[in-house]
There are 2 protein chains.
Amino acid sequence: MGQAQILSRNQQIVLDIIEKANGPLKAYSILFNVQKKGINAPQQIYRALDKLIEIGKIHKIESKNAFVACRNSNCEISKATAFSICESCEMVDEISDVKLSKYLSSFNDKKGTKYKRFNLEFFGLCKKCK
Amino acid sequence: MGQAQILSRNQQIVLDIIEKANGPLKAYSILFNVQKKGINAPQQIYRALDKLIEIGKIHKIESKNAFVACRNSNCEISKATAFSICESCEMVDEISDVKLSKYLSSFNDKKGTKYKRFNLEFFGLCKKCK
DNA sequence: TAACACAGTGTTATAATATAACATATGTTA
DNA sequence: TAACATATGTTATATTATAACACTGTGTTA
């Protein structure tokens, strides 16, 4: 569960933008959006993104190189993420399905290896695009 | 199941390199490896990679921007992929677990949406690195 | 055969994504 | 206060990926 995290100025700016967005945002589009606030360089964005990912406030959609806010209020710090991605409109939804999460978190491969973390991306058409 | 696919010269060169590798390869490292064979430009690599992915001969490891040969002789053309990734040595194994694959292929989210395709990446430490 | 589509190739240029490295500042804690 | 960790600002550069255009070969099919 953890403490409420106090974010630095840049971290908060970046998080606000991602939370307000209704879809995944790319790092450089975030950058263009915050230049009026005095953030000028990609490093500043990527550093904020790294931190926000680390504390579980956002997730990276690997197949899109884009970032979304975490919608699971008590997300397990990004150890178990699953997303539904529309191949047509680019919409991304975080899936919070306890059964799925438990099933995957306890998955062992044939060699008996257990994993610390997983990321699952489903692709299809969302309701609107069907 | 499909026909045996006839590959073009460049496609075959790229596939050979990926199949011989004992881990995921990056596009530019493939490029450096084939310059002696007369392939000089990233486009040539990416075009081959795109085709090889399309026909299911290789997969992209999204979290690493790298490519591995498909080890499931009859992989369902990349509709259902799962990988085990070592966070220490970068090793990647394709997981072929029928139960897992069936479970995910038939997964419905709460809205009843079914998906065409999924990609799952597990992270942990491989045997050697443990 | 001529016309056409189609997949692949080669090439130059450029876009998009991400990190390195270094100097400075700010906040926390011993 | 000194030492330390974390964050910031900045310039430069590395890495990953695509656009655009000209060309080649192969197989239709009209």
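Owing to the predicted nature of the structure, the values given are computational and were not obtained by experimental measurement. Residue numbers begin at 1 in each chain, while the letters A, B, ... track the order of the sequences.
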So what does Gln11(A) hit on the nucleic acid, given a heavy-atom distance under 4.0 Å: a base, only sugar-phosphate, or nothing? sugar-phosphate
Examine dG10(C): is either OP1 or OP2 under 4.0 Å from a nitrogen or oxygen in the side chain of Asn10(B)? Give yes or no. yes
Does the pair Glu62(A)/Lys64(B) count as a salt bridge with the N-to-O cut at 4.0 Å? no
With the side chain defined as heavy atoms from C-beta on, Ala41(B) is closest, among dT16(D), dA18(C), dT11(C), to dT11(C)
For Phe67(B) and dT15(D), give me the distance from atom CZ to atom P, rounded to whole Å. 16 Å
Are Phe83(B) and Ile61(B) close enough that some pair of their side-chain heavy atoms sits under 4.5 Å apart? yes
Return no unless some side-chain N or O of Lys37(B) is found under 4.0 Å from OP1 or OP2 of dT9(C). no
Can you list the residues that meet the ring-ring contact (aromatic ring centres under 6.0 Å, His included) rule with Tyr115(A), with sequence neighbours excluded? Phe122(B)
Angle between the end axes of the helix from dT1(C)-dA30(D) to dA30(C)-dT1(D), five pairs per end, to the nearest 10 degrees? 30°
Return a single string for nucleotides 21-30 of chain C, one symbol per nucleotide in 5' to 3' order, where B is base contact, S is sugar-phosphate-only contact and - is none, cutoff 4.0 angstrom on heavy atoms. B---------
Holding to ring-ring contact (aromatic ring centres under 6.0 Å, His included), I want the full list of residues that pass it with Tyr103(A), two or more places apart in sequence or in another chain. Tyr103(B)
Interatomic distance, Arg9(B) CZ vs dT9(C) P [rounded to whole Å]: 9 Å
Does one side chain, of Ser63(B) or Glu121(B), offer a donor that lies under 3.5 Å from an acceptor on the other? yes
Gln44(B) atom CD is separated from dT11(C) atom P, nearest whole Å, by 7 Å
Nucleotide dA20(C), atom P - distance to CG of Asp50(A) in whole Å: 10 Å
Determine whether more than 12 heavy atoms belonging to other residues, nucleotides or ligands lie under 6.0 Å from atom NZ of Lys130(B). yes
Nearest whole Å is fine: how far is dT16(D) P from Glu62(A) CD? 14 Å
Quick one: list whatever passes side chain to side chain contact (heavy atoms under 4.5 Å, CB included) with Gln12(B), sequence neighbours left out. Leu7(B), Leu15(B), Asp16(B)
List in chain and number order the residues that pass ring-ring contact (aromatic ring centres under 6.0 Å, His included) with Tyr46(A), two or more places apart in sequence or in another chain; answer none if no residue qualifies. none
With a non-hydrogen cut-off below 4.0 angstrom, is Lys64(A) in contact with a base, only sugar-phosphate, or nothing? nothing
Do Ser84(B) and Asp93(B) pair up side chain to side chain, a donor and an acceptor below 3.5 Å, judged on atom types alone? no
Starting at atom CD1 of Ile13(B), determine the distance to atom P of dG8(C), rounded to an integer number of angstrom. 14 Å
Could you list by number each residue of residues 25-32 of chain A showing a heavy-atom separation from DNA chain C of less than 4.0 Å, or answer none if no residue does? Lys26(A), Tyr28(A)
What are the two closest non-hydrogen atoms of Ser96(B) and Asn72(B), and how far apart are they? CB-OD1, 3.2 Å
Mind calculating the distance between CG (Leu49(B)) and P (dT18(D)) to the nearest angstrom? 10 Å
Could you go over nucleotides 24-27 of chain D and give all protein N or O partners under 3.5 Å, atom names and distances?
none

Residues two or more places apart in sequence or in another chain: which of them pass side chain to side chain contact (heavy atoms under 4.5 Å, CB included) with Lys51(B)? Gln5(B), Gln11(B), Glu54(B), Ile55(B)
Closest nucleotide among dT18(D), dG8(C), dT10(D) to the Lys51(B) side chain: dG8(C)
Ser8(B) vs dT9(C): side-chain N/O to OP1/OP2 distance below 4.0 Å: yes
Write down the atom of Gly56(B), the atom of His59(B), and the distance for their closest heavy-atom approach. O-CE1, 4.4 Å
Non-neighbouring partners of Ile17(A) that pass side chain to side chain contact (heavy atoms under 4.5 Å, CB included), sequence neighbours left out: Leu25(A), Asn33(A), Val34(A)
Can you measure Ile45(A) atom CD1 to dT19(C) atom P for me and round it to whole angstrom units? 14 Å
Acceptor/donor pairs from residues 38-45 of chain B side chains to any protein atom, 3.5 angstrom cut, sequence neighbours excluded:
residue, atom, partner, partner atom, Å
Asn40(B), ND2, Gly38(B), O, 3.3
Gln44(B), OE1, Asn40(B), N, 3.0
Gln44(B), OE1, Ala41(B), N, 3.0

With sequence neighbours left out, what residues match Lys37(A) under side chain to side chain contact (heavy atoms under 4.5 Å, CB included)? Arg9(A), Ile13(A)
Out of dG8(C), dT11(C), dA18(C), minimum distance to the side chain of Lys60(A) belongs to dA18(C)
N or O in side chain of Asn65(A) less than 4.0 angstrom from dA18(C) OP1/OP2: yes
